[in-house]
Amino acid sequence: MNEHEGHHEAASYDVQAVEAKWQPVWEKLDPFRADDAAVASGERPKYYALTMFPYPSGDLHMGHAEVMALHDVIARYRRMQGYEVLNPMGWDSFGLNAENAAIKRNEHPATFTYANIEVQYESFKRYATAFDWSRRLHTSDPEYYHWTQWLFLKFRERGLAYRKLSPVNWCPQDQTVLANEQVVDGRCERCGAEVTKRELTQWYFKITEYADRLLADMEPLAERWPDRVVHSQVNWIGRSEGAHVAFEVEGRDKALTVYTTRPDTLFGATFMVVAADAHLAGELVTDEQRPAYEAYLEEVRKASEIERMATDRPKTGVFLGVHATNPVTGQRIPVWAADYVLADYGTGAIMAVPGQDQRDYDFAKAFDLPIVRTVQPPEGWEGEAYTGAGPAINSANEDISLDGLEVAEAKRVTIDWLTAQGLGSGAVNYRLRDWLLSRQRFWGAPIPIIHCPSCGEVPVPEDQLPVVLPELKGADLKPKGVSPLAAAEDWVNVDCPSCGGPAKRDSDTMDTFVDSSWYFLRFCSPGATDGPFDPAQVRMWGPVDQYVGGVEHAVLHLLYARFFTKVLHDMGMLDFTEPFQALLGQGVVVNQGKKMSKSLGNGVNLGEQLDKFGVDAVRLTLVFASPPEDNIDWADVSPAGSLRFLQRAWRLSGDVTSEPGADAGAGDVGLRKVTHRTVHDAAELLENHRFNVVVARTMELVNATRKAIDSGCGPADPAVREATETVAILLSLVAPYTAEEMWERLGHQPSVAQVAWPTVDESLLVEDTVTAIVQVQGKVKARLEVAPDVSDADLEAAAMADPDVVRAIDGREVRRVIVRAPKLVNIVV
RNA sequence: GCCCCGGUAGCCCAACGGCAGAGGCGAUGGUCUCAAACACCAUUCAGUGUGAGUUCGAAUCUCACCCGGGGCACCA
């Protein structure tokens, strides 16, 4: 035979040539086009697979490569299972990156943006992703942001978009305000600059109105969302239960209401504190104390967020000159202003209970205010404020006594009493703040509002949408504290739609997270012209069955998109309230234990890796490296090893000598069992996103097939064909080029991506014999080959008769025998 | 400080409460080669972070601690 020659010639395939060969074939076959009709007619069940769309800041990088590889496994697998898969892709193409680049290059942000999109698009194609490109969208297209603006107006109609004057986070680097979610450790989430506070009138979405639902609806998601993300959101929403309590203030009609989680400690409230930067403080302060207060406020305003957030900082504050009355003790208590109380949480004021709150304790010590303990600390306790459990003390007046009650009971009694007296009530509070959505930058969706001196805020009439961005470029885009749009005279000056008088457009643009809060809906009907989406199409495809992306968006995109979905549901446009049924949060690709970065010089260039090892090897490496949620250290993995494996698998396809369609039933049973067991297990593993194990099992199948060819049933056995075809199908989820090449060599038409998931022959999953282990005192002493359906009694008898077991028992008395047929016998002596 | 998640071979990772090892990387030896690469064959290495507990039996369940990662944090 020409085995030597054949073997030599078939030792490997040319990776680059294979990639070039299949791309046009797939382009023509378009195997991933989602067919609306197939779902509408009930021909196939729908499956909406979505992966977070990228921001076009440059070419695709390792991070993209990982998500896409993982996501592709899911999309391709579901398709093979018979689902009609909607797997769209687009670009989150508004944002500062392009704007900053445009300033530097003296061009329009669109130039940079759309050029990068084309680069990424080509890379996606090369990367062999299973996207339906016919649904491609870009959030910076007027056809798209038309509807972002429309949604803004709808939200406003429902009272969910409003303007208010408030202290806001300001990023001095990006020259714009930021939402709370976009401030991480006092720094801008985007650029890392230290955030400062400014008092500005800004647009907000009233996400707090949905706090309870955003929290409650998380429960059913917890099963199929990563714990991390669920916990992040729960923490971020920060629900707490307590009470509102009204305090009379001398010389003032209106009571001073506070929120507290410890109404049971009311007897220990010896002073009150108002947030220094709350308007309330300015209202309360006496003329006499005003200069001191204003000096303090000035100081507070100068402090950065980072300074303010330090919890070990000494307490500062100023007396406002007024007194309130503790409603239970009747005591006259002073009202102070301090920066440890937050203006935008609760009512912006607290009752201070230094006996039971460390912060209040520190403040009381600093300003020599009285401290009363109202919860009995345990024997020998030596701390300062006591926050633990215990019976109430010093908590009685003529009307009510809490003394002796435990904390929970005391809370209940106090709330009941307050309610009866009309002094307060139980209350729930959230840490979540409204979403500040306006940005003082150019490259985003303009806020479709016109400010008229006589009519006030006037929405742009719907038939005048979209409000298209003007043609600004280069220096015109330089950030100057207000949006560059404000300086575009032709654009900003308009006639009021209401009265026809001269008016100005709102010159801010929307946070780009608004754009991405509804894109998954648009994909269901990307061409919709009379609404953001066709509700019927969304009913058909939605919600997203599997979302894949980075968990860094835990409280950003993933929270905002949930909010949008609920609002749209309330508007009657959606029949579901949660957008993403399941979420897979993949880890990040690092190098040598560190995040890849230019400054560390440890970046790994995706393009170079693809050139060197090929698309399939890189994808395989990323999928095989670890469970999808774990980080991958590029220094720990071996794309070269992946390529070797792919070549080894591919070589099988050249060795098969039986004809396509050969009856596998006549083939070697041993190999068939391995094949069918692998398919059976792979299905379950894929359901559970155990992709790395699926690859490992595929490797085993390749090894078993190799062995069968070389030293077993031989290349002509139909079982070898069956096994090799199965390898091609399994590999097609991860390594589409290699799989396609194998499929062709096996005598089939492309594309392997279009074949059905193999049917498992259940009879081949049954083993003739299984190995039962026999333990004595929990230690393995013998192995027995037994029938899978052996009875407990027979197995026990066989075990007791085994010479090794008899030796191990060594004549001792058998006290107990545990039998788990057919796998195990444990003898206790 | 509070709350989550995770610690298995030199490395990445498997293991329905039942034989600690499926797979890969690396290393070593061999076959092939003039030599090397590739390929193939073989070998190597842990008793599962630590300490208790439950159990006939624990990597797996419970508790405490240690280490690593994450979320929240002057949110009353």
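Just so it is clear: chains get the letters A, B, ... in the order the sequence lines come, proteins before strands, and each one is counted from 1.
Within the shown strands, B:U43 is the pairing partner of B:A27 under the Watson-Crick or G-U definition, both distances less than 3.5 Å.
The base of B:C19 is paired with the side chain of A:Arg783 by a donor and an acceptor separated by under 3.5 Å. A:Gln775 contributes a side-chain N or O that forms a donor-acceptor pair with the base of B:G18 under 3.5 Å.
Regarding contacts with the backbone of B:A39, a side-chain N or O of A:Arg644 is found under 4.0 angstrom from either OP1 or OP2. For A:Thr698 and B:G23, the shortest distance from a side-chain N or O to OP1 or OP2 is not below 4.0 Å. Taking side-chain N and O atoms only, A:Arg228 has no distance below 4.0 Å to OP1 or OP2 of B:C4. Between B:C40 and A:Arg648, a contact under 4.0 Å exists linking OP1 or OP2 to a side-chain N or O. The phosphate of B:A76 has OP1 or OP2 within less than 4.0 Å of a side-chain N or O from A:Tyr345. The side chain of A:Asn429 contributes no N or O atom lying less than 4.0 Å from OP1 or OP2 of B:A76. A sub-4.0 Å separation between OP1 or OP2 of B:G70 and a side-chain N or O of A:Asn631 is absent.
In this entry the base of B:G47 is syn relative to its sugar, with a glycosidic angle within 90° of 0.
Taking atom C1' in both B:A22 and B:A14, one finds a spacing of 6 Å when rounded to whole Å. Distance noted for atom C1' between B:A15 and B:A20: 7 Å (whole Å). Comparing the P positions of B:G23 and B:A37 gives an interatomic distance of 25 Å, to the nearest angstrom. Using C1' as the reference atom, B:C5 and B:G57 are 28 Å apart when rounded to the nearest Å. Nucleotides B:C2 and B:A58 are separated by 33 Å at their P atoms, to the nearest Å. A gap of 13 Å separates the C1' atoms of B:U28 and B:G10, to the nearest Å.
The side chain of A:Ile350 approaches B:A76 more closely than any other nucleotide in the set B:A76, B:C56, B:G24. Among the nucleotides B:G18, B:A15, B:A76, the one closest to any side-chain atom of A:Ile818 is B:G18. The side chain of A:Ser240 sits closest to B:A76 out of B:C13, B:C4, B:A76. Ranking B:C4, B:G18, B:A14 by closeness to the A:Val693 side chain, first place goes to B:A14. The listed nucleotides are B:A76, B:C56, B:C25; the one nearest the side chain of A:Ser638 is B:C25. The side chain of A:Lys823 sits closest to B:C16 out of B:C56, B:G23, B:C16. The listed nucleotides are B:C40, B:G24, B:A15; the one nearest the side chain of A:Arg651 is B:C40. Listed nucleotides B:C13, B:C56, B:A76 differ in distance to A:Leu342; the shortest reach to its side chain belongs to B:A76. Distance from the side chain of A:Ser232 is smallest for B:G71 among the nucleotides B:C74, B:G71, B:C56. Checking B:A22, B:C56, B:C4 against the side-chain heavy atoms of A:Glu700 singles out B:A22 as nearest.
Separation of the A:Phe363 and A:Phe271 ring centroids falls under the 6.0 Å cut-off.
In terms of heavy-atom proximity, A:Thr675 sits nearest to A:Ala723 at OG1-CB, 3.4 Å.
Among the protein residues, A:Pro226 comes within range of no part of the nucleic acid, since none of its heavy atoms lies under 4.0 Å from any strand.
Comparing A:Asp710 and A:Leu685, the nucleotide of RNA chain B nearest to each residue sits closer to the 5' end for A:Leu685.
Regarding A:Asn692, its CG atom lies at a distance of 11 Å from the C1' atom of B:G24, rounded to whole Å.
With respect to A:Glu241 and A:Arg239, a salt bridge is recorded, a charged nitrogen being found less than 4.0 Å from a carboxylate O. Electrostatic pairing of A:Asp655 and A:Arg651 does not count as a salt bridge here, judged by no charged N lying under 4.0 Å from a carboxylate O. A salt bridge is defined here as a Lys NZ or Arg NE, NH1 or NH2 lying under 4.0 Å from an Asp or Glu carboxylate O, and A:Arg262 with A:Asp357 fails to meet this definition. A salt bridge links A:Arg807 with A:Asp804; the closest basic N to acidic carboxylate O contact falls under 4.0 Å. Salt bridge annotation for A:Lys781-A:Asp802: absent, with no cationic side-chain nitrogen under 4.0 angstrom from a carboxylate oxygen.
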